[in-house]
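To find a chain, count down the sequence lines: A is the first, B the second, and so on, and within it residues start at 1. Since we're looking at a predicted model, the values are computed, not measured.
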Protein chains: 2
Amino acid sequence: MASPPGWRSGRPSPHISALKDIALFKGLSEDALQEVLACGQTERLAKGALAFRQGAPAETCHSLVHGRVKIAQTRPDGGQFVIRFIGSGEMFGSVAALMGQPFPADATAVVDSIQFVWPIHVMRRLMMRHPDIAIRATTELGARVQELQSRMAEMGATRVEQRIARGLVRLVRQAGRRTEVGIEIDFPITRQDLAEMTGATLHTVSRTLAAWEADGLIDSSRRRITVRRPHGLVVIAEDLPGARDD
Amino acid sequence: MASPPGWRSGRPSPHISALKDIALFKGLSEDALQEVLACGQTERLAKGALAFRQGAPAETCHSLVHGRVKIAQTRPDGGQFVIRFIGSGEMFGSVAALMGQPFPADATAVVDSIQFVWPIHVMRRLMMRHPDIAIRATTELGARVQELQSRMAEMGATRVEQRIARGLVRLVRQAGRRTEVGIEIDFPITRQDLAEMTGATLHTVSRTLAAWEADGLIDSSRRRITVRRPHGLVVIAEDLPGARDD
DNA sequence: AGCTGGATTTGCGCCGGCGCAAAGATCGGC
DNA sequence: GCCGATCTTTGCGCCGGCGCAAATCCAGCT
């Protein structure tokens with residue numbers, strides 16, 4: 001694993017370039033970026049550390065500079081539910097902040113990470129001054145809405161195997177890294193996580209993955225999953241007729 | 001914009017008040033409202049008529065002036081999925097329009113309705129000119145995201161009975177009308193719809209409602225549902241311990 | 001290296017909810 | 001008032017996936 005610049009020194013080195021990678025700020029003027037930068041700060045998140053906690057007042061916007069963060073909700077019945085995983089350049093916690101509501105979930109670093117944090121009122125001010133940003137925000141949120149809706153529709157699908165396959169496909173798309181054998185999910189993920197993403201049980205996920213591994217569809221070990229034949233997974237996810245490989 | 005033909009002949013500036021009821025336009029200046037009004041048009045939607053069709057290019061924003069519209073998606077496997085019901089004053093189809101993507105679902109009037117339609121570029125222009133609108137839009141979308149996320153979390157809950165109860169509770173909140181016996185869903189809804197909202201089968205929904213009716217929890221007839229003891233429903237929805245009345 | 005706790009696997013039994021099929025109830029139209 | 005189209009109810013059988021429990025395995029720590 002290559003260490004990102006400025007990681008070890010314990011010294012946050014805020015880079016405008018990092019901000020530029022955030023979709024929301026694309027095409028923003030230098031001084032506007034400076035404004036954000038000046039108001040916010042870079043923070044280190046050790047693996048397992050929380051960026052924010054479910055129920056806490058949301059007064060900050062977060063953006064991940066490096067690493068991976070899990071957004072997970074504790075339901076009243078005690079069950080956990082994994083909403084999504086955040087990768088580099090993505091923002092999180094912003095919806096709650098914009099809405100003036102408490103964070104709806106915990107944000108936990110699954111690997112050592114670096115986040116950039118700034119107060120919500122800066123974002124508000126920016127939006128007032130630069131309508132582009134607000135418009136870009138609607139686009140971002142629109143994308144979220146669409147993704148959530150498609151995920152909703154998926155949940156309707158009864159077969160658990162399908163749901164797990166789709167969850168895995170999504171992870172591959174978002175966090176896949178090519179290796180010799182296939183595509184690996186580039187951060188540690190437990191079967192429990194996968195279960196909590198798809199609404200299945202830990203047990204069923206374990207069994208299912210084991211079956212797929214026996215079929216040579218995937219490789220897996222503790223917290224690691226590598227997809228050897230992505231297409232085969234898609235066939236299951238989309239319930240295509242094909243019983244053959246590619 | 002050229003005057004739209006036909007519909008407006010007898011009506012002087014049809015529903016500027018109707019526009020004011022749309023959250024997105026709250027607090028907007030008179031002339032800005034006029035701009036929207038001039039570019040759009042009011043349309044009648046007979047029961048069963050489509051406001052737009054899944055897959056069609058989304059070049060229009062819609063807002064319901066009166067009636068009720070069902071947004072439902074046809075999945076690749078042929079199944080239908082009810083995304084949501086639209087009530088008076090709510091906007092629909094706007095996410096797709098803003099994102100420049102085809103409509104993701106059909107919009108069908110479930111009762112005789114009236115909608116207001118205007119081209120997306122007007123909305124874009126308005127947003128550029130009035131950041132408030134864009135900001136308000138982010139708020140709206142944020143709310144959608146939150147609602148979808150909570151719905152997602154619900155879907156994880158295994159028990160079908162719970163999911164149905166929650167679907168019903170949501171409908172009551174959104175479209176409940178007080179009557180002598182309880183609260184009635186104020187538009188015709190089939191068990192099929194309920195099934196497609198909650199990811200259950202028509203059959204299971206039917207059986208479940210029958211059981212609830214036997215318990216005096218609800219009244220129902222063809223396309224009509226009246227909740228006699230909302231609290232009892234919530235108890236099921238939230239899986240509270242209480243096995244008693246309210 | 002040894003220990004400890006989290007992560008994973010696996011077996012077994014049970015039951016809820018779907019699939020299928022057909023009858024019954026209502027509404028709306030003619 | 002009759003007919004046809006929906007919408008709704010109900011019976012029966014089957015099976016997938018959960019619940020429970022125990023055994024292993026592995027990573028990180030001291």
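- For the side chain to side chain donor-acceptor pair (under 3.5 Å) condition, the pairs that include at least one residue of residues 55-66 of chain B, sequence neighbours left out, are B:T60-B:H62, B:H62-B:Q115.
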Nucleotides 8-12 of chain C: which of its N/O atoms have a protein N/O under 3.5 Å away?
{"residue": "C:dT8", "atom": "OP1", "partner": "A:R223", "partner atom": "N", "Å": "3.1"}
{"residue": "C:dT8", "atom": "OP2", "partner": "A:R191", "partner atom": "N", "Å": "3.0"}
{"residue": "C:dT9", "atom": "OP1", "partner": "A:R191", "partner atom": "NH1", "Å": "3.2"}
{"residue": "C:dT9", "atom": "OP2", "partner": "A:R191", "partner atom": "NH1", "Å": "3.1"}
{"residue": "C:dT9", "atom": "OP2", "partner": "A:S206", "partner atom": "OG", "Å": "2.5"}
{"residue": "C:dT9", "atom": "O5'", "partner": "A:S206", "partner atom": "OG", "Å": "3.4"}
{"residue": "C:dT10", "atom": "O4", "partner": "A:H203", "partner atom": "ND1", "Å": "3.1"}
{"residue": "C:dG11", "atom": "N7", "partner": "A:R207", "partner atom": "NH1", "Å": "3.2"}
{"residue": "C:dG11", "atom": "O6", "partner": "A:R207", "partner atom": "NH2", "Å": "3.4"}

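- Spacing between atom CD1 of B:I225 and atom P of C:dT26 amounts to 16 Å, rounded to whole angstrom units.
- B:E90 meets the side-chain hydrogen bond (donor to acceptor under 3.5 Å, both in side chains) test with B:Q174; sequence neighbours excluded.
- Look at CG on A:D112: it is 12 Å from P on D:dG28, rounded to the nearest Å.
- When rounded to the nearest whole Å, the span between CD1 of A:I164 and P of D:dG16 equals 14 Å.
- The backbone N or O of B:A72 sits nowhere less than 3.5 Å from a side-chain atom of B:D106 that would complete a donor-acceptor pair.
- Note on A:D186 versus A:R68: salt bridge recorded, some NZ/NE/NH1/NH2 to OD/OE distance being below 4.0 Å.
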So A:R84 and A:E147, salt bridge (charged side-chain N to carboxylate O under 4.0 Å, His left out) or not? Walk me through it. CA-CA 11 Å; A:R84 57 181 185 141; A:E147 201 225 301; over 6 Å; no
